[in-house]
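Quick notes on the structure that follows.
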Amino acid sequence: MKIYAVLLAAGTGSRTGLSIPKQLIKINKKEIILRSLEIFLKSKINFEAVIIATPPPSVFQFNWNDFFEKNLGNDEIEKLRIITGGETRQQSVDNSIKYLESIISPDESENTVVFIHDSARPFVTDKELHLLLDKTACHGAAFLCSEVTETIKEIKISNPAGFKTLKRDNLIAAKTPQVFKFKAIKKALEKAEGDNFISTDDVSLVENLGLTAASIISTDMNIKITSALDIEIAELFLNKFKNMKNK
Ligand code: CTP
Ligand code: MG
């Protein structure tokens, strides 16, 4: 079995309100993207390559090759495949999977697994990667998630004062990594394109195909850095994460 990772880093991080994409913001002197990339490069799982989707130059001018060359060793750089993402997260996933298809043989595609991860999530442990891989082998797909602690209400667009309260016990919040057999995610992306189905995560795409995925509760640290405050929270997490990784 061949295992690849897709690291999504083509967003601009507009919700931070800062002028550079959030993946380039430093947490204790190291950029968020290097921290999330490290999860895959240092894993005991032997990733064949990590495909990194970066913003199109029309959106953000930056020399990504120089950046990685400056910050990584030769062995690490050899594993990277830097590509251009799309306007939406789903388009960035689509570009990454099309790229992956172009570098594997049709024989390999039967036996290839792909991890899809938001670069804005730098706190995933190697133990979680192993759990995801085991569950993918049994179920075809797996993802990290958390229990929901707030009460979630669905607003009716036509009447903002009207809403439906969802039963919390039945809810989970999807996180990444989300892991798939290559063929399943490829087919799911094709069907999504045909159906004009757009989602903010990838498991919904295989769900749209009628497939299931195993959910695994992640640690509370697996936040997606979204706001400027999240960057400060991430600084506070660093020590705890270091200790957790060593267990
Ligand atoms: N992403 C991507 N391509 C896009 C949009 C998002 O690869 N066109 C990536 C982001 O870089 C991020 C992940 O998908 O790591 C999750 O998206 P999100 O948290 O929404 O990041 P941004 O889109 O960058 O942030 P914002 O929505 O605040 O602009
Ligand atoms: Mg976004």
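Indexing begins at 1, ligand by ligand and atom by atom, following the structure's order.
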Q) What residues, two or more places apart in sequence or in another chain, satisfy side chain to side chain contact (heavy atoms under 4.5 Å, CB included) together with Ser204? A) Phe197, Ser199, Asp201, Glu207
**Q.** Closest heavy-atom pair and its distance - Glu128, Ser218
**A.** OE2-OG, 3.0 Å
Under-4.0 Å salt bridge between [X] and [Y]:
| X | Y | answer |
| --- | --- | --- |
| Lys79 | Asp75 | no |
| Arg168 | Glu150 | no |
| Lys175 | Asp118 | no |

Q | From Ile25 atom CD1 to Ile225 atom CD1, the distance as rounded to the nearest 0.5 Å | A | 8.5 Å
Q) Measuring from each atom of ligand 1, which residues have a heavy atom under 4.0 Å away? A) Leu8, Ala9, Ala10, Gly11, Thr12, Gly13, Ser14, Arg15, Lys22, Gly86, Glu87, Thr88, Arg89, Ser92, Asp118, Ser119, Ala120, Lys224
